[in-house]
Every structure is written in structure tokens, then in C-alpha cells.
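Ligands are counted one by one from 1 in listed order, and the atoms in each one are counted from 1 as well.
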Amino acid sequence: LSKLSISSVREDIILVFIECRKKTLTLFEGMDRQTFCHQPHPDFSPVGWHLGHIAYIESLWLLEHIAGLPCLFPQYCQLFAADGLPKAKRVELPDLGEILNYLDTVRSKALDILKVADVEQHERLWRFLIQHESQHCEIISMVLELTKLPLNNLHPDAVSPAAPHNLEEMIQIPAGEFEQGNNSIEALDNESLAHKVYLDTYYIDRYPVTCRQYRAFMEAGGYQNPQWWSKAGWDWLQTEQVTQPLYWQGNITWDNHPVWGVSWYEAEAYSRFIGKRLPTEAEWEKAARRNPQTTVITENCNCDRLIGKTTPVDAYPGGQSAYGLYDTLGNVWEWTDSWFDSYPGFKSYPYTGYSQVYFDQKHRVLKGGSWTTRPWVLRPSFRNWYYPSVRQVFTGFRCAVSNI
Ligand code: AVJ
Ligand code: FE
């Protein structure tokens with residue numbers, strides 16, 4: 001790297017650090033203490049916990065590990081560590097003001113370090129911290145949405161725009177190799193090593209599955225008929241007794257929006273009902289690849305809470321992938337058929353608890369990002385993962401077939 005590019009990398013990171021934090025704090029503007037500490041579901045921590053945890057991780061990795069400083073707030077270590085307290089114990093939180101002070105104190109030290117640190121040596125960690133904070137923002141969005149349930153046809157579009165597109169369309173992806181994964185400096189450990197994957201010809205939905213399409217499944221008794229469900233899916237359904245997606249709004253003004261708030265089992269059952277299947281992670285990623293010159297992401301997809309809700313699946317023609325798929329990035333995450341697992345040559349970073357402990361054949365991969373996802377998380381190689389039973393994530397899906 002030349003001197004010039006080193007200083008521009010540094011400036012770029014400082015800018016993104018600051019922008020990322022500004023967006024994080026926006027989520028907490030005018031929030032009351034009740035919301036701050038509320039745990040709407042036992043699997044997710046209160047939003048206030050996520051805020052403290054963001055400071056904790058920045059402090060642990062940047063201040064302690066890189067700069068060798070002692071822990072500034074030892075009283076928070078147990079509370080805000082990912083493996084510190086059971087989630088139910090995370091409702092007893094310091095005030096918002098105290099946590100903001102924690103964030104600010106850590107951040108001002110972090111910026112002092114950033115201004116003089118060795119860029120080449122530390123860039124990967126700084127990029128990690130931006131990714132980490134962004135992911136917790138997404139979880140904060142999710143917890144806030146859960147506190148609003150049940151939704152009662154909130155803020156629908158005035159009129160559902162008649163879709164000019166055939167939303168049933170599938171796209172043929174020709175047989176051949178593509179490069180799966182990502183070795184760049186901002187990639188997370190689970191995205192590398194990038195490697196060649198050969199896939200036979202397959203077909204994949206051009207759009208995510210819409211509410212209208214999913215309604216057909218519901219009206220055909222999809223939730224009552226074991227024929228569409230795997231054994232594990234049917235067992236899950238008997239326990240959960242659900243009859244519609246978690247964020248289902250009923251009203252037909254949402255018809256062309258993607259369905260969201262479904263577990264992997266519901267996505268699997270719908271796919272079988274319609275005579276298709278879920279794409280593998282590789283199939284999804286190959287079809288979602290874009291031409292490198294594709295312009296600014298935020299204008300071409302529904303992300304970063306800019307809209308504040310889902311959008312019709314054909315709303316962003318400028319965001320099509322190289323093969324013409326809509327909505328691969330933003331709007332809703334998409335379940336894939338693949339278990340979350342390591343790529344060849346995987347090396348854990350910055351700690352085994354980040355990805356490696358989840359390579360357990362119990363988590364399914366989700367791709368693409370939602371209407372809340374920060375722009376610097378949006379890339380076809382990004383891998384999210386959850387248990388197949390989870391439906392709180394802003395997740396929908398699209399289907400694939402091997403032959404037509
Ligand atoms: C990628 C969203 C599954 O929440 O466990 C945040 C992200 N990891 N801090 C998670 C994460 C550590 C991760 N997910
Ligand atoms: Fe975390």
C-alpha cells in the first residue's frame with residue numbers, strides 16, 4: 001500500500017465508524033426505559049443490552065487486545081459479554097445515559113488509537129467491528145418489531161401497485177463454475193476462503209415469494225396438511241401451532257411485498273406445495289452475483305431502514321443481479337437449503353465464538369439482508385445463520401428447481 005492509500009483507508013474507516021454509530025444511536029432516540037429493557041421473546045436480549053454489548057466488543061478487541069489497555073469498565077464485563085449472563089438476566093440494565101457514556105468513552109479512546117495505529121495490521125479488526133455493530137443494529141430492529149406485535153395492518157401502501165412484472169418468473173442459471181465466498185478485508189471469517197464451485201443448470205425465482213403467493217398456500221390449508229411438511233417441520237408445527245407468518249398483515253395491499261417472518265420449515269413446506277425446493281446457498285449466491293460496476297447499493301435496494309418497512313418485490317429494477325434476480329440484497333433475508341458450515345481453509349477470526357461454534361449442522365444459512373440491514377453488510381457472499389425454527393428474523397425466501 002502506498003502512503004496515500006493507507007491514509008485514505010484510515011479516513012474511510014473513521015468515517016464509516018462514525019456513520020455506523022450515528023445510525024445505531026438513531027434507533028434509541030426518544031426510547032422509554034420500558035422499551036429499553038423489554039424482552040419480548042426469550043431467545044432475544046433487550047435492545048439496551050445490545051447497545052452495551054456493542055461498546056463491550058469494541059472495548060475488548062480494540063482497546064484491550066490491540067492497544068493493550070486495561071478494561072475500562074470491569075463492572076460491565078459479565079453483563080455485556082455474549083457468554084456472560086443468561087438472556088433472561090439481561091433485563092436489569094444501567095440507564096440509557098450510562099450506556100451512552102460507556103459507548104462514548106470507549107469510542108473516544110478507539111478514535112485516538114485509530115488515528116495513529118498501523119492500518120495494515122489492524123484494518124481487518126476495524127472492519128469486523130463495523131460489521132459487528134451493524135448486525136446488532138439489525139437484531140435491535142428485530143426486537144423493536146417484536147414489541148409491536150401483533151401488527152394490525154400498520155401503514156400499508158395506499159394502493160398495492162399492480163405489478164407490471166410476472167412475479168412467478170424463474171431464471172435459468174447455466175451450468176458452470178463460479179467463485180463462492182469472499183477473501184477481501186471486510187469479509188467475515190465464515191466467508192473465506194473463496195473457492196470455485198461447479199453447479200449444473202438450475203432455475204431460481206426471479207423474485208422472493210410474495211404475500212399473495214404465500215396466501216394461496218394458507219388458503220389451500222397449507223398449515224393443516226402434513227403432506228407439504230418434512231417430519232421435523234410437522235413436529236415443529238405441532239408444537240408451535242402457528243397458522244400464518246409472524247409478521248403477516250392479511251390486508252391485500254401487501255400482496256406484492258415479500259412474505260416475511262417465516263421459519264425455515266414454513267419456507268420448506270411452501271416450496272414443496274408449489275412443486276419447487278429451496279435453493280442451496282451456492283445456488284443463491286451464484287444467481288445473486290452482480291456486475292462490479294453496479295452503482296450505489298442504497299439507491300438500488302430496500303435497506304438501512306430508509307423506507308422503514310418491506311417494499312414490493314419488483315420495486316428496484318436497478319438492483320437486479322447479473323442474472324436478473326430482483327431483491328437479492330435488502331427487503332427480506334432469504335432462507336437457503338444449506339447448513340451453516342466452514343469453507344475450505346477456514347480460519348476463525350477474531351474468536352471461535354464468532355462463527356466456528358455454529359458449524360454444528362443445526363443452523364441454516366440465510367442470505368441477502370433485510371430492509372433494516374446496514375449497507376456495509378449487503379453483499380452476495382455475506383452469510384447469516386439461525387436455527388430452522390426461528391421466525392423472528394426478517395426473513396422470507398425464494399424457490400429453485402433443477403429441471404423445468
Ligand atoms: C450472524 C446474526 C447469527 O447474532 O449470533 C453478533 C451475529 N455474532 N455478535 C448472532 C453476531 C456476534 C450473529 N448472527
Ligand atoms: Fe455480538
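- The shortest contact between atom 8 (N) of ligand 1 and any protein heavy atom is with Tyr354 CE1, 3.2 Å.
- In this structure, the protein non-hydrogen atom closest to atom 5 (O) of ligand 1 is Tyr358 OH, 4.3 Å.
- Side chains of Arg277 and Ser402: a donor on one and an acceptor on the other come within 3.5 Å.
- Defined by atom type and a distance below 3.5 Å, a donor-acceptor pair is missing between the side-chain atoms of Trp236 and Ser263.
- In terms of polar-atom proximity, defined here as any N/O pair under 3.5 Å, His132 does make such a contact with ligand 1.
- Cation-pi geometry between Arg289 and Phe178 is not met at under 6.0 angstrom from the ring centre and within 45 degrees of the axis.
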ask   = What's the verdict on side-chain contact (heavy atoms from CB on, under 4.5 Å) for Tyr387 and Trp264, showing C-alpha distance, side-chain angles and the deciding distance?
value = CA-CA 8 Å; Tyr387 287 124; Trp264 185 89; over 6 Å; no
task = Would you please test Lys196 and Glu177 for salt bridge (charged side-chain N to carboxylate O under 4.0 Å, His left out) and show each step?
result = CA-CA 6 Å; Lys196 294 255 189 290; Glu177 272 189 345; 5.2 Å; no
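- Annotation for ligand 1: atoms under 4.0 Å from non-hydrogen atoms of Trp385 are 1 (C), 3 (C).
- Here the heavy atom of the protein found nearest to atom 10 (C) of ligand 1 is Ile139 CD1, 4.5 Å.
- Residue Asn384 has at least one heavy-atom neighbour below 4.0 Å for each of these atoms of ligand 1: 1 (C), 2 (C), 3 (C), 14 (N).
- Considering backbone and side-chain atoms together, His136 places an N or O closer than 3.5 Å to an N or O of ligand 1.
- Of the options His363, Gln135, Glu133, the smallest heavy-atom separation from atom 1 (C) of ligand 1 is shown by Gln135.
- To the nearest 10 degrees, the angle centred on the Fe ion (ligand 2) between NE2 in His132 and NE2 in His136 reads 90°.
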Evaluation steps, side-chain contact (heavy atoms from CB on, under 4.5 Å), between Phe346 and Gln356 = CA-CA 9 Å; Phe346 169 83; Gln356 198 174 334; 3.8 Å; yes
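- In this structure, Arg364 is positioned above the aromatic face of Trp339, its NZ or CZ under 6.0 Å from the six-membered ring centre and within 45° of the axis.
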